[in-house]
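What follows is a set of notes on a single structure, which appears directly below.
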Protein chains: 2
Amino acid sequence: MSLPSSSLTQIIEEYIAQLLEENEVGEVSLRRKDLAERFGCVPSQINYVLRSRFAPENGFLVESQRGGHGYIKVIQLTFNNCDEEVVHLADLVGNAITEQESRKLLVNLQNRDVISPRERLIIEVALRSQEENGRSIFDVSPYRRDLMRAELLKKILTSLALG
Amino acid sequence: MSLPSSSLTQIIEEYIAQLLEENEVGEVSLRRKDLAERFGCVPSQINYVLRSRFAPENGFLVESQRGGHGYIKVIQLTFNNCDEEVVHLADLVGNAITEQESRKLLVNLQNRDVISPRERLIIEVALRSQEENGRSIFDVSPYRRDLMRAELLKKILTSLALG
DNA sequence: ATAATTTTGGTCAGTATAAGTCAAGGATAT
DNA sequence: ATATCCTTGACTTATACTGACCAAAATTAT
């Protein structure tokens, strides 16, 4: 209902997004200090924008270097074989998913060449690591572990879907 | 707004990299003084480039000799077994690793085609997810988060090596 | 032969620059 | 009201580059 609120963060986000569009390559290099000056804010505001808007979960990679000739590079990954199918699958994951179900899902995705064997391996290791930590270090209940597994899986799948 | 200018270091790096490409052997001999003259800098700048860009963790070896007819030889390591290298890199991760360090490592691995952009993205999502959970749900101390990050990263890299 | 000299490269500490982190407080939405 | 999102600034860390001084290998002089 409310009119589009334009926070600084949003404005900077749109600016960077536009730069990305203009650059054919899908990546753009920035100077944190210059950006901050342009938008009249402290430099760390830029970090906030990057962390909250150009996160890997959203299909972006950020590289940077400090010191002399420092820079921040924002890369938008685009995958040609990315389908809305993947988004659908993220829906399939739902709120909670068991280890068994997730494994079945990943096998399925690999069989349909949506993800590569290596990618599946990485995902399984990540899920399993979270499961182990939740179980033996943080004493998370089984159901809550299913919730967390769903969260992580969705993050990964949507990151691959965006582009 | 000025775009990041490329540093002297980067220019010299590219020059050496090109020499390496031209030489089929994967190695090239240089004169420190000549290089410094060519790029209008002090000789020790060359050492800086070698240390920061052609280090062993980047897959290079550097040999040199002082005195008359002295030289600097840059050798590009070629792993006949790419997996072997990934194991080596798991060692590089060490016991603890910061978010910054891990990102740098992943950029490096991708640049060297050890992992693909998609694989890097998945790994970053997984690391970030663990970080977030550790910080805001389980109240894990910063150092312990560095330990956990190293654990997860090593698990993933070694799984890729053994896969 | 040996010592002096010359020709290379190495190291380190200092300076300047630029990005990252964190926590506290303010603004906004629910 | 409260939870989430946004914004700020003090403090920390990383990188680039220079110059003064050090070390080693070859050449030349004695």
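Note that these values count all heavy atoms, side chains included, but never hydrogens, waters or copies made by symmetry. Chain naming here is simple, since letters A, B, ... match the order of the sequence lines and numbering starts at 1 in each.
Of all nucleotides listed (D:dA25, D:dC17, D:dC6), D:dC6 comes nearest to the side chain of A:R53. Comparing C:dG9, C:dT21, D:dA16 against the side chain of B:Q100 picks out C:dT21 as the nearest. Comparing atom distances between the B:I72 side chain and each of D:dG9, C:dG9, D:dA25 picks out C:dG9 as nearest. Of the listed nucleotides (D:dA24, D:dT13, D:dA16), D:dA16 has the atom at the smallest distance from the side chain of A:H69. Out of C:dA18, D:dT8, D:dT18, the shortest distance to the side chain of A:R31 is found at C:dA18. In this structure, of C:dC12, C:dA19, D:dA16, it is C:dA19 that holds the atom nearest to the side chain of A:S64. When distances run from any side-chain atom of B:R66 to the nucleotides C:dC22, C:dG9, C:dA19, the shortest one goes to C:dG9. Nearest nucleotide to the side chain of B:S44, out of C:dT21, D:dC6, C:dT11: C:dT11.
In this structure, A:Y48 reaches the D:dC6 phosphate: one of its side-chain N or O atoms is under 4.0 Å from OP1 or OP2. The phosphate of D:dC17 (OP1 or OP2) has a side-chain N or O of B:Q45 nearer than 4.0 angstrom. Dashed line: the shortest gap from a side-chain N or O of B:Q10 to OP1 or OP2 of D:dA16 is not under 4.0 Å. When the side-chain nitrogen and oxygen atoms of B:K104 are compared with OP1 and OP2 of C:dA19, none of them lie within a distance under 4.0 Å. An OP1 or OP2 oxygen of C:dT21 is reached within less than 4.0 angstrom by no side-chain nitrogen or oxygen of B:R135.
A side-chain donor-acceptor contact under 3.5 Å links B:N23 to the backbone of B:E27. When atom types are taken as modelled, the side chain of B:S129 and the backbone of B:A126 share no donor-acceptor pair closer than 3.5 angstrom. Judged by distance alone, with hydrogens and angles left aside, the side-chain atoms of B:K154 form a donor-acceptor pair with the main-chain N or O of B:G94 at under 3.5 Å.
One atom, CD1 of B:I12, and another, C1' of D:dA16, lie 11 Å apart when rounded to the nearest Å. Residue A:N47 contributes atom CG, which lies 17 Å from atom P of D:dA10 at whole-angstrom precision. Going from atom CD of A:E13 over to atom C1' of D:dT7 covers 16 Å, rounded to whole Å. Rounded to an integer number of Å, the gap from B:I97 CD1 to D:dA14 C1' is 15 Å. Rounding to whole angstrom units, CZ of residue A:R51 and C1' of D:dT4 are separated by 14 Å. For the pair B:R32 CZ and D:dC22 C1', the interatomic distance rounds to 11 Å; values are reported in whole Å. Between the P atom of C:dT21 and the CZ atom of B:R145 lies a distance of 11 Å, rounded to the nearest Å. At whole-Å resolution of the value, CZ in B:R103 and C1' in D:dT15 are 16 Å apart.
Summary of the strand contacts: B:T98 and B:G67 both lie near DNA chain D, and taking for each the nucleotide with the nearest heavy atom, the more 5' one is attributed to B:T98. Between B:D34 and B:P142, the residue anchored nearer the 5' end of DNA chain C, judged by the nucleotide with its closest heavy atom, is B:D34. For the pair A:V62 and B:G70, nearest-nucleotide mapping onto DNA chain C gives the more 5' position to B:G70.
Within 4.0 Å of A:L8, counting heavy atoms only, lie sugar-phosphate atoms of the nucleic acid but no base atom.
Using modelled atom types, one finds no donor on one side chain facing an acceptor on the other under 3.5 Å when comparing B:E14 with B:Q18.
The side-chain heavy atoms of B:L109 and B:L157, taken from C-beta on, include a pair separated by under 4.5 Å.
Ring geometry for A:F138 against B:F138 counts as parallel: the plane angle stays under 30°, on a 0 to 90° scale with 60° as the upper cut.
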